There are 2 protein chains.
Amino acid sequence: MQPSRSRPRIRDVAEAAGVSETTVSHVLNNKGRVDAATRARVAEVAERLGYRPNSNARGLRSGRADTIALLMPIVDLDATHHILAVDFYLSLTMNVVEAAFERDQALLQLPPLRRLDDLRRFGIDGGIVVDPLPADPRVAMFDRLGLPAVTIGRDIAHAGAPWWVAADSAAGTLTVLDHLAAAGARRVAMLSVDIGWSWFADAERAYAEWTARHGRHPMLVLARPDKLDSSAAEAAGRLLDLEPDAVYVPPQWLATGLLRAARERGLSVPGDLLVSVGVDSHQARTSEPALTAVDLDPARTAREAVDLLISRIEGRPPQAPRVIPVTLLPRRSTAVVTT
Amino acid sequence: MQPSRSRPRIRDVAEAAGVSETTVSHVLNNKGRVDAATRARVAEVAERLGYRPNSNARGLRSGRADTIALLMPIVDLDATHHILAVDFYLSLTMNVVEAAFERDQALLQLPPLRRLDDLRRFGIDGGIVVDPLPADPRVAMFDRLGLPAVTIGRDIAHAGAPWWVAADSAAGTLTVLDHLAAAGARRVAMLSVDIGWSWFADAERAYAEWTARHGRHPMLVLARPDKLDSSAAEAAGRLLDLEPDAVYVPPQWLATGLLRAARERGLSVPGDLLVSVGVDSHQARTSEPALTAVDLDPARTAREAVDLLISRIEGRPPQAPRVIPVTLLPRRSTAVVTT
DNA sequence: CTGAAAGCGCTTACAG
DNA sequence: CTGAAAGCGCTTACAG
């Protein structure tokens with residue numbers, strides 16, 4: 001038995017099956033008219049020989065690479081993924097990898113792009129950009145190269161563009177706020193971050209609408225997205241000065257800071273203060289008390305993003321953007337304390 | 001100006017520079033003898049035209065894809081990355097992406113491989129396998145296809161193979177144990193997990209040696225790697241029954257469980273119990289109290305792994321495995337309480 | 001329904 | 001120092 005040095009080529013399959021390379025290609029790609037018996041024989045031979053098309057040759061000829069790129073948020077390598085919750089990004093990544101694989105696409109992960117050439121270097125058909133900033137420069141690079149891109153999260157500066165997938169931040173926010181009100185909260189505040197991602201922008205808007213509709217005074221504090229730990233402490237302090245009895249905190253890192261600040265002031269959660277975070281994570285589940293959280297369904301988000309990108313690559317017309325339903329996971333941090 | 005429909009080919013560069021395609025190729029790949037002036041002119045033209053080689057064509061011809069694969073640990077998509085600490089894996093991933101990019105390699109992320117064909121499908125030159133299990137089946141697939149692979153973490157069933165990079169778990173363990181002893185601990189225990197990764201195996205061995213050398217009674221409790229939260233509670237309970245005054249806990253998830261169990265028993269950390277975790281994370285930094293941790297240097301681990309894989313791809317002889325130095329980050333959970 | 005031929009964009013002996 | 005030519009493994013009009 002030969003060492004795997006030379007994998008079988010399409011010619012080997014053609015010879016073994018007694019047909020031309022053209023016919024083998026047709027069978028393998030389900031194209032053209034091929035007699036059913038021939039088709040079966042060729043497929044069987046290809047299988048037996050363990051034939052796999054050479055992706056370089058196929059890509060060179062067809063112009064398609066069957067490869068898509070994934071670009072994570074523009075952030076410091078070590079700190080800023082925490083803006084939402086690190087679990088979410090790892091899960092999103094693994095699920096995008098899985099979804100791409102299932103659609104026969106290879107998944108290339110790209111570093112933060114500095115120049116257009118960084119993108120030109122790779123043989124890709126398109127890309128998924130996570131958490132676009134307003135008028136995101138990465139998306140602009142794809143546009144400039146004529147490469148299809150979709151985003152996870154909406155670019156809030158490009159109202160019209162339909163090529164995005166996003167968790168339903170507004171609905172999640174309203175669900176949380178109603179949940180807090182149902183638990184008896186009167187002074188419901190929001191602690192969030194000042195960064196132009198649609199997830200946060202939509203939550204803020206939903207909060208403003210909700211307070212207006214219920215005739216409540218809005219109490220919104222925004223943290224700076226840098227120097228995470230100190231800005232969290234500072235913002236949490238400002239928020240507690242407003243004396244809320246419940247807080248919705250979309251990002252996990254600020255929820256951690258809020259719990260600490262509350263503890264330092266002698267406030268008990270949920271006794272004196274209800275707290276809900278906007279994304280689920282191991283940290284939310286195991287914090288003391290366990291935090292009520294929003295399940296953003298990274299698996300479904302990933303699948304929809306890959307599907308949308310493939311649609312765009314194949315030139316299908318834009319559809320409606322895809323809004324992913326979210327689910328509230330009630331935990332002890334918002335449980336009504338029985339007297 | 002043309003839309004980017006047709007990127008320049010090597011022929012366009014050759015014509016614009018008045019030389020042959022061969023010469024352009026030589027210049028671009030630093031091969032053959034080319035007159036310095038010619039070289040400069042060709043390089044300038046290529047730059048001006050924004051020429052980028054077509055990776056499919058190059059790969060088809062040269063047999064090299066300039067693409068490497070990354071395989072994360074075999075785990076449930078959502079739960080088991082927490083075995084070490086989710087921050088570590090996300091940081092490792094982003095750093096591998098960055099390191100590969102700097103070495104002009106594209107980085108393909110692969111899902112858990114089920115069959116050999118899953119691997120054959122992709123045009124890759126080699127792969128990095130993270131946290132190999134004993135006699136890891138993923139590594140075996142690479143071997144079977146004659147594809148070079150390196151691992152992050154050592155396969156404890158393959159003592160001889162030098163193609164791995166790993167943080168120095170033994171040294172980290174000894175540093176932690178000495179640190180605990182210096183803080184006055186008499187009954188130093190270890191809480192770890194029963195999974196065949198070298199990181200944990202080496203820590204256990206180092207702990208055994210350290211206790212023997214210092215004439216101390218070893219107190220080792222291993223948690224099961226599944227059903228993370230309940231197994232953590234169970235193992236932490238068993239450990240506290242041994243009444244240690246200090247614990248080294250390599251994985252973050254068990255440290256979280258231990259802190260909770262200690263709290264439930266009315267034990268204060270660090271007052272009654274010193275705790276150190278084996279990997280740094282946002283969770284370790286922000287837990288109450290902040291946890292002394294080991295910095296595993298994922299950035300350097302990533303760089304060395306990419307470098308080692310490229311060595312192997314290029315057929316260079318095996319060198320010594322690469323052991324990454326680790327650093328202790330002392331925090332409040334092991335601070336001596338001043339009386 | 002099937003096949004011969006061209007060609008995707010490179011790199012690499014080879015000749016001069 | 002430079003270039004003409006072959007060929008990597010496919011897919012795709014095109015002809016029959």
Side-chain angles (χ1 to χ4, degrees), chain A residues 4-43 45-46 49-67 104 106 120-125 314, chain B residues 4-43 45-46 49-67 104 106 120-125 314:
Chain A
S4 52
R5 214 59 219 115
S6 65
R7 25 190 278 194
R9 296 149 302 163
I10 205 169
R11 180 192 306 177
D12 300 316
V13 178
E15 284 173 2
V19 296
S20 71
E21 296 183 33
T22 302
T23 298
V24 175
S25 177
H26 281 332
V27 170
L28 263 28
N29 297 296
N30 273 311
K31 292 206 173 152
R33 303 287 82 199
V34 183
D35 180 78
T38 310
R39 178 179 297 277
R41 181 160 40 92
V42 169
V45 169
L49 265 47
Y51 172 76
R52 290 281 122 187
N54 176 310
S55 58
N56 280 321
R58 167 179 280 189
L60 177 58
R61 174 61 231 228
S62 68
R64 270 198 62 166
D66 284 328
T67 300
D104 282 316
R120 234 188 307 239
R121 271 177 38 187
F122 299 102
I124 56 175
D125 298 326
E314 293 178 346
Chain B
S4 53
R5 214 59 218 114
S6 65
R7 25 190 281 194
R9 296 147 302 163
I10 205 169
R11 181 192 306 177
D12 300 313
V13 178
E15 284 174 3
V19 295
S20 71
E21 295 183 34
T22 303
T23 298
V24 176
S25 178
H26 282 331
V27 170
L28 264 27
N29 298 295
N30 274 310
K31 291 205 173 150
R33 303 285 83 198
V34 183
D35 179 77
T38 310
R39 178 178 297 277
R41 182 159 41 93
V42 169
V45 169
L49 265 47
Y51 172 76
R52 291 279 122 188
N54 177 310
S55 58
N56 280 321
R58 167 180 281 188
L60 177 57
R61 174 60 229 229
S62 68
R64 269 198 62 166
D66 283 329
T67 300
D104 282 316
R120 235 189 304 241
R121 270 177 42 187
F122 299 102
I124 56 175
D125 300 325
E314 292 177 346

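What you see is a predicted model; the values in this text were computed from it and never measured. Side-chain atoms are counted along with the backbone in the values below, which use heavy atoms only and exclude waters and symmetry mates. Protein chains get the first letters and strands the later ones, always in sequence-line order, with residue 1 at the start of each.
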Which donor-acceptor pairs under 3.5 Å do side chains of residues 25-32 of chain B form with protein atoms, sequence neighbours excluded?
unit_1, atom_1, unit_2, atom_2, d
B:S25, OG, B:N29, ND2, 3.4
B:N29, OD1, B:R58, NH2, 3.2
B:N29, ND2, B:S25, O, 2.8
B:N30, OD1, B:R39, NH1, 3.3

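- In this structure, A:S55 has no side chain to side chain contact (heavy atoms under 4.5 Å, CB included) partners at least two apart in sequence or on a different chain.
- Under the side-chain hydrogen bond (donor to acceptor under 3.5 Å, both in side chains) criterion, A:R64 pairs with A:D66, sequence neighbours left out.
- The side-chain hydrogen bond (donor to acceptor under 3.5 Å, both in side chains) check on A:D125 picks up nothing, with sequence neighbours excluded.
- Secondary structure note: stems in DNA chain D built from 3 or more consecutive Watson-Crick or G-U wobble pairs under 3.5 Å occupy C:1-3 with D:14-16, C:5-12 with D:5-12, C:14-16 with D:1-3.
- By the side-chain hydrogen bond (donor to acceptor under 3.5 Å, both in side chains) test, A:D12 pairs with A:R9, sequence neighbours left out.
- The residue among A:K31 and B:D35 whose nearest nucleotide of DNA chain D is located toward the 5' end is B:D35.
- Taking B:R61 as the reference, nothing meets the salt bridge (charged side-chain N to carboxylate O under 4.0 Å, His left out) condition, with sequence neighbours excluded.
- Residue-to-nucleotide proximity on DNA chain D shows that, of B:R33 and B:R61, the 5′-proximal contact is made by B:R33.
- Every residue was checked against the side-chain hydrogen bond (donor to acceptor under 3.5 Å, both in side chains) condition with A:E15, not counting sequence neighbours, and none meets it.
- At distances below 3.5 Å, not a single donor-acceptor pair connects side-chain atoms of B:R11 with backbone N or O atoms of B:E21.
- Residue-level contact check: A:N56 touches neither bases nor backbone, having no heavy atom under 4.0 Å from any strand.
- Running 5' to 3' along DNA chain D, contacts with non-hydrogen atoms of chain B at under 4.0 Å begin and end at D:dC1 to D:dG9.
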